[in-house]
Q: 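First the structure, then my questions, so here it is.
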Amino acid sequence: MTTLFVTGGAGFIGSNFIRYWLSTYSDGRIVNYDLLTYAGNLASLQDVEENYGDRYTFVRGDIQNADLTRHLFEDHRPDYVVNFAAESHNSLAIVNPSAFFQTNVVGTQKLLQAAADAQVPRFHHISTCEVYGDLALDSDESFSEESPYRPRTPYNAAKAAADLAVRAYGHTFGLPVTLSNCANNFGPYQFPEKVIPFFVVRLLTGQKMPLYKSSQNRREWLHVDDHCRAIDLVLKKGEIGETYNVGSGIEKDVETIADLILDALGMDAAHKTYVDDRPGHDRRYLLDSSKIRTQLGWEPQVDFAQSFRDTVHWYRDNEAWWRPLLKKIQVREEGW
Ligand SMILES: NC(=O)c1ccc[n+]([C@@H]2O[C@H](COP(=O)([O-])OP(=O)(O)OC[C@H]3O[C@@H](n4cnc5c(N)ncnc54)[C@H](O)[C@@H]3O)[C@@H](O)[C@H]2O)c1
């Protein structure tokens with residue numbers, strides 16, 4: 001029986017990954033290790049507990065606690081560690097950068113050390129397109145795995161430093177590592193500080209969506225299920241020491257995202273308002289994901305237009321999930 005030790009599994013992508021993996025494999029086991037920060041939410045895993053409780057274990061803890069993770073590795077003997085745990089909100093990183101370097105850099109290093117000490121057979125690290133810096137809106141470039149790291153915000157600088165630490169543990173200590181750097185994800189169970197659920201929840205609570213003035217800035221969007229399939233493939237077929245970019249090629253600017261949300265909810269443009277950009281707001285990220293496509297045979301399977309509507313409707317239909325989270329939102333986007 002394959003055992004995964006997933007960190008940050010109570011967050012957006014981690015909880016989707018746990019659901020995906022346990023429902024795909026009938027003989028796998030997952031240990032979910034999560035600190036339950038404001039962004040961690042066990043309500044996102046209620047159905048997992050109910051449907052797969054015999055193959056799923058939750059442990060509350062910090063990735064910085066290397067003694068605890070080492071003991072857990074020795075007890076559970078995981079075949080794979082998959083590290084999702086991070087502070088993940090760019091805006092919050094401007095208000096409290098220290099927490100980002102502490103968790104994303106020091107936390108990752110402590111987890112790597114525990115994994116090396118326990119001789120974990122594989123450490124997969126979840127990273128982001130944002131480590132490569134940003135692109136001009138009219139650029140015809142995209143970021144490959146060979147592109148230089150040029151992070152510009154505390155969040156993406158901390159993620160970049162974590163990637164370097166992962167590679168260092170691979171080269172220096174022989175830890176079998178792989179990395180994946182993914183584009184912006186969307187889907188259910190995303191904390192309502194991130195743009196899609198944030199805008200939807202604004203509208204559903206009778207408020208306007210605050211768009212940054214640079215609303216032509218754009219992102220590459222991938223449904224979280226396609227990200228989960230990519231991670232799974234890298235675990236199974238990825239080469240040790242390698243990094244894989246994971247992107248859809250589908251770019252949408254913030255204005256378009258807002259309009260698609262209005263359309264899905266049958267609302268009009270009067271529900272948009274414009275606020276100052278947060279400092280360091282990156283213009284654009286676009287990944288060249290040909291490596292994972294040609295070497296591992298991955299490609300996105302989810303239709304963007306339909307899954308975007310479904311995502312908006314999921315938030316509309318799951319108020320009981322997001323309502324308790326509103327008081328935990330840390331940043332006021334209108335206040336830069
Ligand atoms: N959301 C995206 O679009 C996106 C895109 C590319 C990469 N990523 C990366 O994917 C990973 C997951 O992102 P997400 O959007 O699900 O984030 P999230 O903020 O929703 O979840 C993060 C989870 O990590 C946990 N956590 C935080 N600090 C911890 C610590 N010290 N110890 C243990 N657990 C801790 C939180 O409780 C939470 O459950 C992150 O590493 C992020 O950088 C995200």
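For clarity, every value in this text was computed on a predicted model and none was experimentally measured. When a ligand or atom number is given, it counts from 1 through the structure's own listing order. Here, residue 1 is the first one in the sequence, and each next residue gets the next number.
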Q: Apply ring pair (Phe, Tyr, Trp, His ring centres under 6.0 Å) to F143 and list each qualifying residue two or more places apart in sequence or on a separate chain.
A: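 Testing F143 for ring pair (Phe, Tyr, Trp, His ring centres under 6.0 Å), a comparison that skips the adjacent residues, returns Y132.
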Q: Mind checking whether Y169 and F123 have ring centres under 6.0 Å apart?
A: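 Ring centres of F123 and Y169 not closer than 6.0 Å.
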Q: I'd like the residue list for ligand 1, meaning every protein residue with a non-hydrogen atom under 4.0 Å from the ligand.
A: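 For ligand 1, the contacting residues are G8, A10, G11, F12, I13, D34, L35, L36, T37, A39, G40, G61, D62, I63, F84, A85, A86, S88, T103, I126, S127, T128, Y155, K159, C182, A183, N184, N185.
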Q: Among pairs that include at least one residue of residues 38-67, which meet ring-ring contact (aromatic ring centres under 6.0 Å, His included), considering only residues two or more places apart or in two chains?
A: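 Residue pairs with at least one partner in residues 38-67: Y38-F191.
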Q: Does some side-chain heavy atom of L211 sit less than 4.5 Å from a side-chain heavy atom of F199?
A: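 Heavy-atom side-chain distance check passes, below 4.5 Å.
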Q: Honestly, is K291 close enough over Y244, meaning NZ or CZ under 6.0 Å from the six-membered ring centre and within 45° of the axis?
A: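 Yes, K291 sits over the ring of Y244.
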Q: Hydrophobic cluster mates of L35, side-chain heavy atoms under 4.5 angstrom, ILVMFWY only, any path?
A: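 ILVMFWY cluster around L35 holds nothing else.
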